[in-house]
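Side-chain atoms are counted along with the backbone in the values below, which use heavy atoms only and exclude waters and symmetry mates. So you know, we letter chains A, B, ... as the sequences are listed, proteins then strands, and number each from 1.
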Amino acid sequence: MIEVQHLSKKYGPFTAVDDVSFRAESGEILGFLGPNGAGKTTTMRIITGYMPATQGKATVAGFDVFDQPLEAKRRTGYLPETPPLYPDMTVKEYLRFVAKIKGVRAKLDDRVNAVMKKTWVADVANRHCGRLSKGYKQRVGLAQALIHEPEVLVLDEPTAGLDPKQIIETRQLIRELAGSHTIVLSTHILPEVSQTCQKVVIINKGKIVATDTPDALTQRFHGTVMMFVQVDGPADDVLRTLHSIPGVVRASVKETRGNVTNFDIDTQPDVDLRREVAAAVVRGGWGLLELRPVRMSLEDIFLSLTTTETETEDLEAEKVVADA
Amino acid sequence: MRNVIAITQRELNAYFRSPIAYVMIGFFLILFGYFYSVPLYFFVQQSAQMGQNPGPMNMNQQLIGPTLMNTTVIMLFFFPLVTMRTYSEEKRSGTIELLLTSPIRDVEIILGKFIGALLLYIAMLALTLIHIGILFYFSDPEWKPIVTAYLGLILMAGCFLALGMFISSLTKNQIVAAMATFAVFLMLWVISWISSFTGPTTQAVLQYLSLTEHFDDFAKGIIDTKHVIYYLSFMALGLFLTAKSVDSERWRG
């Protein structure tokens with residue numbers, strides 16, 4: 001179990017984390033979501049006892065990370081953003097070393113072998129850490145976090161730098177671990193959250209902007225229903241017509257290609273305007289090429305929560321690039 | 001204690017798995033060989049002259065003592081290179097996050113690193129026993145002053161290493177760490193130079209501060225608690241400052 005209460009961290013005048021509170025129950029995977037520089041890493045560093053908080057309290061498995069650091073650390077496995085590997089050690093030596101400083105006393109070799117098997121690094125056991133590919137480094141980092149069978153796992157972007165197959169395997173592994181561990185993982189990849197986590201904490205500029213399950217978040221932001229329409233016709237006229245339909249809150253041009261224009265329509269909640277929209281387009285004598293309701297994805301929620309209007313467009317562009 | 005041993009092993013691993021230890025020991029031996037041969041030739045020449053004109057000759061005072069004394073200069077140049085990586089490298093590569101989030105105390109990390117570096121130096125010194133052994137084969141010097149001189153060297157090395165580790169803990173940049181350490185070492189080396197121009201009180205203080213002044217008695221075969229306490233307290237201060245620096249780094253983030 002991890003509990004964070006009113007946590008703040010200030011670097012001089014700069015506030016990296018501002019009054020953050022959340023709770024992850026035993027066996028739960030909590031996704032920590034936010035753009036780069038939102039304070040994810042700082043929060044994780046506080047939970048793992050790497051640095052103290054300016055204010056507030058963090059408890060890991062019932063132990064306060066500040067007052068009982070050794071007890072808390074004994075129960076925490078941590079994968080930092082860059083896997084903390086010693087390039088001059090082989091994977092096996094490295095894991096043996098980590099096991100020792102993490103307090104593993106009995107059956108050290110068995111433990112190392114079991115973890116290497118679990119994280120698929122057994123085939124590079126005798127390679128030097130410095131010579132490993134990014135994917136292997138990441139997995140050795142994960143192995144290192146698991147070595148002392150901690151109750152709590154804190155994973156800072158565990159799938160960063162992995163290839164698609166490894167990403168799927170790693171997510172699978174994380175889900176398997178969830179039963180016996182409490183996991184906090186940070187990411188800025190949204191599908192990762194909906195696929196692996198039971199709870200999402202969205203953080204932006206050091207503040208929590210939303211805490212819920214991925215499904216509930218999607219539900220909650222379904223306040224206005226969105227619709228996507230593709231019409232073959234003059235954009236201005238179509239737009240005017242769309243606006244005139246009762247129940248339409250907002251209609252906007254998304255993209256124009258020759259005669260064909262894509263529109264986004266926000267409608268009032270709980271009304272289905274598909275028929276009205278279709279009828280209006282047909283009445284105008286234009287071609288209705290596509291019409292479908294748009295469910296607000298986690299991605300949209302994330303963007304709407306973490307960006308202001310002016311930034312949205314840039315981020316959309318980035319998103320497209322990232323998706324490609 | 002187990003944690004200290006684990007860290008020490010890891011440090012030795014870093015020295016002996018990379019070229020660091022071998023390059024350092026190799027060049028140390030070349031320099032030591034030179035520092036040893038020159039007084040030896042001189043000593044041999046002198047003893048040949050003594051054959052015609054007998055006078056007092058003492059191998060310990062005229063050969064071994066000065067040789068080991070000169071050896072301390074090598075520390076001055078080599079140690080910044082040993083200590084510069086102790087913390088700076090961990091900070092740069094991010095492995096410091098592993099150490100600081102493991103259930104071990106800062107003191108254990110610091111002691112482990114310190115003992116690792118000291119063992120590297122002891123390994124270097126151990127090889128010079130060959131040179132001393134040669135003297136024992138052809139002559140019969142006193143062994144006790146040799147033991148005290150080696151003890152003095154190790155104590156002095158401890159001071160330099162503790163101080164160097166502290167400086168390394170202040171920066172991410174290894175070059176900065178090495179430069180600053182070298183400058184501070186050199187300053188402590190020569191701090192007694194100005195003592196002849198100052199009043200008696202200042203003179204006493206400066207001479208007390210100088211790391212090398214305290215070595216003289218060890219080279220003569222004297223173990224004076226005054227010097228032992230000086231070296232031990234110097235070491236303790238260096239390690240204490242390192243601990244404080246690591247801790248304050250945490251707070252500053």
Visitor: Using non-hydrogen atoms and a 4.5 Å limit, figure out which bit of B/I5 sits close to chain A: side chain, backbone, both or neither.
Guide: neither
Visitor: Take a 6.0 Å sphere around CE of B/M69 and say whether it holds more than 12 heavy atoms from other residues, nucleotides or ligands.
Guide: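 Yes.
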Visitor: Side-chain contact, heavy-atom cut-off 4.5 Å: B/R10 with A/Y94?
Guide: no
Visitor: Can you tell me how far OH of A/Y50 sits from CG of B/L99, rounded to the nearest 0.5 angstrom?
Guide: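 Those atoms lie 10.0 Å apart.
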Visitor: A/V65 versus chain B, heavy atoms under 4.5 Å apart: side chain, backbone, both or neither?
Guide: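 Neither part, no heavy atoms under 4.5 Å.
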Visitor: Are more than 12 heavy atoms from other residues, nucleotides or ligands located less than 6.0 Å from atom NZ of A/K92?
Guide: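 It does not: A/K92 NZ has 12 such atoms or fewer within range.
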Visitor: With a 4.5 angstrom heavy-atom cut-off, could you sort out which part of A/A145 is near chain B: side chain, backbone, both or neither?
Guide: neither
Visitor: Between A/G141, A/P80, A/P87, which has the largest tally of heavy atom pairs under 4.5 Å with chain B?
Guide: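 The option with the most such pairs is A/P80.
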Visitor: Checking B/S102 against chain A: side chain, backbone, both or neither under 4.5 Å from a heavy atom?
Guide: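 B/S102 touches chain A through backbone and side-chain heavy atoms alike.
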Visitor: Heavy-atom cut-off 4.5 Å, strictly under: side chain, backbone, both or neither for A/H148 against chain B?
Guide: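 Nothing of A/H148, per the 4.5 Å heavy-atom cut-off to chain B.
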Visitor: Should we say atom NZ of A/K134 is surrounded by more than 12 heavy atoms from elsewhere, each under 6.0 Å from it?
Guide: yes
Visitor: Contact part of A/R105 toward chain B, heavy-atom cut-off under 4.5 Å: side chain, backbone, both or neither?
Guide: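 It is the side chain, since no backbone atom gets that close.
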Visitor: Can you confirm whether more than 12 heavy atoms, excluding those of B/F27, are under 6.0 Å from its CZ atom?
Guide: no
Visitor: Measure distances from A/F97 to the heavy atoms of chain B and classify the residue's part below 4.5 Å as side chain, backbone, both or neither.
Guide: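 The side chain, not the backbone.
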Visitor: Let me confirm one number: the OH-CD distance from A/Y86 to B/E11, rounded to the nearest 0.5 Å.
Guide: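 The distance works out to 7.5 Å.
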Visitor: Could you walk me through whether A/M51 and B/T101 pass the side-chain contact (heavy atoms from CB on, under 4.5 Å) check?
Guide: CA-CA 9 Å; A/M51 51 167 67; B/T101 58; over 6 Å; no
Visitor: Rounded to the nearest 0.5 Å, what separation is found between the CG atom of B/N3 and the NZ atom of A/K102?
Guide: 11.0 Å
Visitor: Check B/E97 against A/Y78 and note the closest heavy-atom contact, atom names and distance.
Guide: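 Here B/E97 and A/Y78 meet closest at OE1-OH, 2.8 Å.
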Visitor: Which residues in residues 105-114 of chain B have any heavy atom lying under 4.5 Å from a heavy atom of chain A?
Guide: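 Within residues 105-114 of chain B, near chain A: B/R105.
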Visitor: Counting a contact as any heavy-atom pair under 4.5 Å apart, which residues of residues 151-164 of chain B contact chain A?
Guide: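 Contacts with chain A: none.
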Visitor: Please determine whether the number of non-hydrogen atoms from other residues, nucleotides or ligands lying under 6.0 Å from atom CZ of B/F240 exceeds 12.
Guide: no
Visitor: Applying the side chain to side chain contact (heavy atoms under 4.5 Å, CB included) test to B/Q9, which of A/E93, A/R96, A/K100 qualifies?
Guide: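 Of A/E93, A/R96, A/K100, side chain to side chain contact (heavy atoms under 4.5 Å, CB included) with B/Q9 is met by A/K100 alone.
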Visitor: If I measure from the heavy atoms of chain B, does A/L79 come under 4.5 Å with its side chain, its backbone, both, or neither?
Guide: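 A/L79 has no heavy atom closer than 4.5 Å to chain B.
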Visitor: Taking all heavy atoms of B/A6 and all of A/I101, pick out the closest pair and write down the distance.
Guide: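 Taking every non-hydrogen atom into account, CB-CG2, 4.0 Å.
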Visitor: How about CZ on A/F66, more than 12 heavy atoms from neighbouring residues, nucleotides or ligands closer than 6.0 Å, or not?
Guide: no
Visitor: Can you see which heavy atom on B/G94 is nearest to which on A/P84, and at what distance?
Guide: O-CB, 3.7 Å
Visitor: Which heavy atom of B/N13 sits nearest a heavy atom of A/D88, and at what distance?
Guide: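 Answer, listing the atom of B/N13 first, then A/D88: ND2-O, 4.2 Å.
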